[in-house]
Protein chains: 2
Amino acid sequence: MSNTTIDDVAKHAQVSRATVSRVLNDNHRVDEKLRERVLEAVRVLGYQPNHVARRLRAQSSTVIGLIISDIQNPYFLSVIRGVEDEAYANRLSIVLCNSDEDAAKQQLYLQVMESEHVAGLILVPTSSVDTGGIERLRRVGIPVVLLDRNVNGLLADVVKVDNVRGAFDAVQHLIDLGYRRIATLAGCSHLSTGSERYRGYREALASAKIPLNETLVKYGDYKTESGYRLTHELMSLPQPPDAIFAANNMMTLGALRALRERNIHIPGEIRLVGFDDMPWSGELYSPLTSVSQPTYELGQEAVRLLRQRIIQPDAPFRTVTLQTSLVVRESSGAALAGRR
Amino acid sequence: MSNTTIDDVAKHAQVSRATVSRVLNDNHRVDEKLRERVLEAVRVLGYQPNHVARRLRAQSSTVIGLIISDIQNPYFLSVIRGVEDEAYANRLSIVLCNSDEDAAKQQLYLQVMESEHVAGLILVPTSSVDTGGIERLRRVGIPVVLLDRNVNGLLADVVKVDNVRGAFDAVQHLIDLGYRRIATLAGCSHLSTGSERYRGYREALASAKIPLNETLVKYGDYKTESGYRLTHELMSLPQPPDAIFAANNMMTLGALRALRERNIHIPGEIRLVGFDDMPWSGELYSPLTSVSQPTYELGQEAVRLLRQRIIQPDAPFRTVTLQTSLVVRESSGAALAGRR
DNA sequence: AAGTATTCAGTAATCGTTTTCTGCATCAGG
DNA sequence: CCTGATGCAGAAAACGATTACTGAATACTT
């Protein structure tokens, strides 16, 4: 219960507390003898500076906020890891929140971040429109970096992947393999990732002069259940698709489950390509062809942008777009095509 | 950049700042007229209390620490989710750190937690011995709850699962199915989970009067790579095992990969049971029989213990042990047995 | 050698709250 | 009508650090 303060150290070293502070932050010349006395006192007393007091006085924080939209999605594991590593390397701590794709919860956490006076915030927004909450943070001097998703008309740095290109490549891959009835489990249209990936899908079809077939487009909510349900719907069509492009990892899992239930063989009877590669994608029921995102780098880059912004609050805002890569495994039927 | 403070509110409402504070924390009678003036001023100015100042003065924090040993392990996803949900329900925020199974990093983060004056800490320790870092936190009045793993001789609350029983059940299951040469990919012996699960394995063998065969016991480090490598070693033995019990999820994935590479059919030629169920365990290459842990509840319970401890610092320490359940799928060969 | 510049430690103000203490009313009881 | 109790708001003292300011001692210049 006994917390030693800077005054205890000062008393023990027989100096003023200003001197102690100066020694610990070494931003000022201090006599070598005094310095040693202070360091000795710190050691003896086991003194740990109180970050809370320091934050209040210096108005500078070493804590950054991280609001994730769905912490249960393995996609974010590697993102968080990237953020954590980069933060650790720069002696920053992380306050983590999970908005659970809930705008109200996000709003609450934005307020918490403001109250906590974090040095900056990395946000995976729940929606592509801001009702003022994010903008407010910027106004009170807390820089925000958006991760994964965009928010329309917001002045902020953004780190994301090239979703259009990623989806395009995935669908193009299926087209190259000779499939024409390509369905998609599309993501939420109120998220930039959803609309961008859908656009990539459409563009790939268009570039191959395949007309868009609305019955093959199913909108999900990025959750496993929706992928499962919509895949059942797709396969119940009078003319089911011969390939499916799923716009995220969870819906892909749902699709896998549905197809397994129906005893539909992948890649024999249907082909499947997902978005987001996972460490165990190769160990799945049908090793999964998928669009791999550089998730770790995404998190890393977000912290870098944030640090830059903290140093130079008025620099022009940047959008860093990382490239995806298509990892081809068996589920897309590439091996079949080879054998033909 | 303009942060409104309590003084601004006081001025606007023409009261003292003490009154504002009393209204906001309503722990004191305040005249209804003044109260309304204050609330109005708060609304108009968009005042957000500064948690940093509040923490410093009131010496009471609404932030709890969470140190995870390996944030990239999906096992912890659900744990974190449980912690987050329960924290949210009690208006607590989380400072998240990843010790990366590195004792030095854990030590650093323990210091950070002390400096941040968190209300309490949930810790997944990197080792079953404490070099003083954890004990110190308790001494300065920050309660610690251990999660998943034990630390010898430490006065702290603990939430864990019954690892001995879980491993016992898994191995017993294999024995029931008629297998005798049962190998194990054991976990690190310096972690309580490692030694407990290994004990469960031994006890199951003993209770079936199967002598322990040391060549079938391989010690890994809970990482995918070790599971992969050790499985290759196992299958290269003159007399390879007829079943494998892997002590955690990542090593199980490694085992799956190795077996696939060797074209060894599961469950035809070998049987596999893992520890830790995952949402996609059923969609794996061979749907995985595994010991399922109540991970979400683990996280939830940790926050509950912490809150109890904060309220009653001197209550006797508790160890909450949750039960695992064996989820039987195809990889253990149960379906084969049925067909016999 | 005197005056000025420089160095460096200490004093005290400050960050934005909470909370104890103080003092002015109002109210009840005798 | 006076006294004591009570209620409630304001003044001021914390909380534990950083940092602008102060002042003494030393070094340097002319």
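Proteins get letters first, then strands, A, B, ... in listed order; numbering begins at 1 in each.
Remark: the backbone N or O of Ser192(A) is not paired with any side-chain donor or acceptor of Asn150(A) at under 3.5 angstrom. Checking side-chain atoms of Asp221(A) against main-chain N and O of Lys223(A) turns up a donor-acceptor pair under 3.5 Å. Checking side-chain atoms of Tyr109(A) against main-chain N and O of Gly65(A) turns up no donor-acceptor pair under 3.5 Å. Remark: the backbone N or O of Pro125(A) is paired with a side-chain donor or acceptor of Arg149(A) at under 3.5 angstrom. Side-chain atoms of Asp31(A) come within 3.5 Å of backbone atoms of Lys33(A) as a donor-acceptor pair (strictly under, hydrogens ignored). No donor-acceptor pair closer than 3.5 Å links the side chain of Asn152(A) to the backbone N or O of Val129(A). A donor-acceptor pair under 3.5 Å is absent between the side-chain atoms of Arg54(B) and the main chain of Ser115(A), judged by distance alone.
You'll find that the side chain of Arg54(A) is closest to dA17(D), out of dG10(D), dA17(D), dC8(C). If you check dG16(C), dA9(D), dG10(C) against the side chain of Leu56(B), the one that comes closest is dG16(C). In this structure, of dT17(C), dA9(D), dG16(D), it is dT17(C) that holds the atom nearest to the side chain of Asp7(B).
Taking 4.0 Å as the cut-off between side-chain N and carboxylate O, Arg43(A) and Glu40(A) count as a salt-bridged pair. Taking 4.0 Å as the cut-off between side-chain N and carboxylate O, Glu116(A) and Arg55(B) count as a salt-bridged pair.
When rounded to the nearest whole Å, the span between CD of Glu116(B) and C1' of dG16(D) equals 14 Å. A straight line from NE2 of His117(B) to C1' of dG16(D) spans 9 Å, rounded to a whole angstrom. Atom C1' of nucleotide dT17(C) and atom CG of Asp8(B) are separated by 13 Å, given to the nearest angstrom. Look at CG on Asn50(A): it is 13 Å from C1' on dC15(C), rounded to the nearest Å. If you measure from atom NE2 of His51(B) to atom C1' of dC15(D), you get 17 Å, rounded to the nearest angstrom. Summarising the geometry, the separation between CD on Glu32(A) and C1' on dT7(C) is reported as 16 Å, rounded to the nearest angstrom. In this entry the distance linking CG of Leu34(B) with P of dG7(D) reads 17 Å, nearest Å. Here the C1' atom of nucleotide dT17(C) and the CD atom of Gln48(B) are 15 Å apart, to the nearest Å.
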Between protein and nucleotides 19-27 of chain D, what N or O pairs are separated by less than 3.5 Å?
{"unit_1": "dT19(D)", "atom_1": "O4'", "unit_2": "Arg57(A)", "atom_2": "NH2", "d": "3.4"}

What N/O pairs connect the protein and nucleotides 4-6 of chain D at under 3.5 Å? Give each pair on its own line.
none

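For Thr5(B), no side-chain nitrogen or oxygen approaches OP1 or OP2 of dG16(C) to under 4.0 Å. One finds a side-chain N or O of Gln59(A) lying less than 4.0 angstrom from the OP1 or OP2 phosphate oxygen of dG16(C).
Residue contacts for Val52(B): at a heavy-atom cut-off of 4.0 Å it reaches no nucleic acid atom on any strand shown.
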